[in-house]
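What follows is one structure encoded as structure tokens, with my remarks underneath.
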Amino acid sequence: MFPAGETGADLSNGNCMSAAPAPIRILYCHCAFARVVPADVKTGVLAQLAASSAEFEAVPDLCEMSARRDPRLAALAAHESLRIAACFPRAVHGLFQAAGSPLPQTAQILNMRTDPADKVASELLTGGAG
Amino acid sequence: MSRLDTAHLRTVLYEGPGSLPLEPDARSRIMVALLDKGYAVTSLRDSTHVTALPRDFVVVLGRFTGPPPLFDGAAALQFEQIDGMDPSDVVEAADRVHANTGAAKSGAWKPWFPVIDFGRCTNCMQCLSFCLFDVYGVSSDGKIQVRNQDNCKTDCPACSRVCPEVAIMFPKYRHSPINGDQVSSDDMRREAMKVDISALLGGDIYSMLRDRSVKAKSRFSKERDDERALKERQNCLLKLQKEMDIPMEVLASLPSPDEIRAKAEQAAARAREALGSQVSPEVH
Ligand code: SF4
Ligand code: SF4
């Protein structure tokens with residue numbers, strides 16, 4: 001076991017330094033502390049992400065991150081082609097703005113409150129209209 | 001330190017060089033288990049790029065085949081071998097690391113607070129005047145702000161009802177458009193009606209609350225039958241609860257009429273100051 005500690009900026013594995021790794025552009029919100037996103041939709045989306053070869057960030061609750069102005073929101077919002085699975089786009093934009101990290105208009109927000117898991121997962125993984 | 005300012009533990013589910021991959025089903029179940037316990041998870045498959053930030057603790061979980069891979073970066077990460085573990089064991093491993101770091105735990109507070117849609121907000125400060133719990137504030141450039149999110153009363157969307165522009169969202173609310181759904185012209189008509197109703201009642205919803213409470217009090221004082229008095233009070237609260245969808249717990253914990261008056265005056269003064277207005281809104 002290695003000691004825990006505070007981490008610096010972007011970390012890269014010394015074993016795999018030949019190519020610059022692609023930044024993660026998929027963010028999945030688990031809405032863990034409320035029942036507003038149907039459970040079958042969120043677990044369905046997560047299962048399809050996990051079954052793909054995509055790398056992604058999964059967070060328990062974007063609302064909480066916004067409330068504590070989590071600096072990771074700024075890092076995520078810096079991606080022009082970010083795709084987010086969460087809830088209503090107006091709310092998600094508001095949450096990033098409230099954290100001081102407004103999303104670019106190019107961010108694609110998929111709504112797990114209204115859309116089925118297959119549609120959300122496929123748009124997360126392949127892009128498409130959002 | 002506020003619970004919102006503290007460091008959190010992040011997990012990285014690492015399947016890159018120096019480790020064995022997980023089956024998709026195992027990967028998914030481990031992630032659900034960690035997320036349900038409030039841990040953020042970064043799923044890394046081939047690349048090894050993690051954006052780690054100074055105030056986070058990071059534990060890298062993997063089926064390591066030898067010494068943990070070397071990560072670049074100034075600070076240390078913690079690595080945990082998860083080969084052969086089921087999801088609950090992985091969560092236990094994360095819990096152990098968490099206990100050692102002293103990092104805050106997500107989920108201690110249901111994140112319930114207003115989020116302003118600045119595309120709609122006209123900076124009228126009605127929300128600031130209305131809120132008794134100092135949730136709202138004003139930025140240095142005079143703009144309305146949500147400042148003390150964790151002061152907000154869980155499941156209470158009352159301030160969204162006083163916003164004439166339908167600009168206040170509660171993402172975890174049940175109904176449109178307060179949950180962030182698009183605002184329709186019907187919603188705008190309803191909101192305009194609400195403001196009119198509030199104006200007819202004296203322009204101040206807290207004065208309505210106080211009037212009801214005073215009326216209820218005078219009824220109670222004359223009322224000898226305790227049971228009937230209790231029923232009256234319950235009816236009164238039920239009506240308010242229905243009108244504004246205010247949870248019973250919030251109504252039951254409202255400050256006394258005098259405290260409400262003092263807080264409402266303070267909030268209105270802050271709003272007036274922010275607006276630089278010469279016309280003082282009436283506070284009863
Ligand atoms: S952003 Fe939406 S989906 Fe995510 S935690 Fe908040 S309400 Fe739930
Ligand atoms: S009441 Fe609505 S429009 Fe007025 S300042 Fe508050 S959020 Fe903005």
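None of the values given here were measured: they were computed from a predicted structure. Convention: sequence-line order gives letters A, B, ...; per-chain numbering from 1.
Under the 30°/60° scheme for interplanar angles, the aromatic rings of His175(B) and Tyr173(B) are found to stand perpendicular. Relative orientation of the Trp112(B) and Phe170(B) rings is parallel, given thresholds of 30° and 60° on the angle between their planes.
Taking Leu22(B), Val115(B), Asn179(B) one by one and counting their heavy-atom pairs under 4.5 Å with chain A, the maximum is reached by Asn179(B). Among Pro24(B), Pro171(B), Pro111(B), the residue with the largest count of heavy-atom pairs under 4.5 Å with chain A is Pro111(B). Each of Ala98(A), Ser52(A), Cys87(A), Cys31(A) has some count of heavy-atom pairs under 4.5 Å with chain B, and the biggest count is that of Ser52(A). The choice from Gly94(A), Ala34(A), Cys63(A) that makes the most heavy-atom pairs within less than 4.5 Å of chain B is Cys63(A).
Nearest heavy-atom pair across Pro114(B) and Val146(B) is O-CG2, 3.3 Å. The two residues Arg90(A) and Val166(B) make their nearest non-hydrogen contact at NH1-O, 3.8 Å.
Under the 3.5 Å distance criterion, with hydrogens and angles disregarded, a donor-acceptor pair is assigned to the side chains of Thr106(A) and Glu80(A). With no hydrogens or angles considered, no side-chain donor-acceptor pair links Glu55(A) and Ser43(B) at under 3.5 Å.
Neither the backbone nor the side chain of Arg29(B) comes within less than 4.5 Å of any heavy atom of chain A. With a 4.5 angstrom heavy-atom cutoff, Phe64(B) does not touch chain A via any of its atoms. When heavy atoms are compared at a cutoff of 4.5 Å, Ala86(A) does not approach chain B at all. Asp117(B) touches chain A through its side chain: at least one heavy atom from C-beta onward sits under 4.5 Å away, while N, CA, C and O do not. Looking at Ala50(A), the atoms closer than 4.5 Å to chain B (heavy atoms on both sides) sit in the backbone and in the side chain alike.
Evaluation of the side chain to side chain contact (heavy atoms under 4.5 Å, CB included) rule for Ala47(A) yields Ser28(B) as partners, not counting sequence neighbours.
No donor-acceptor distance shorter than 3.5 angstrom exists from the side chain of Ser66(A) to the backbone of Phe96(A), with no hydrogens or angles considered. Not one N or O on the side chain of Ser160(B) forms a donor-acceptor pair closer than 3.5 Å with the backbone of Ile178(B). The main-chain N or O of His30(A) is found under 3.5 Å from a side-chain atom of Lys42(A) such that the two form a donor-acceptor pair.
Residues of residues 111-119 of chain A that come closer than 4.5 Å to chain B, counting heavy atoms only, are Arg113(A), ordered by residue number.
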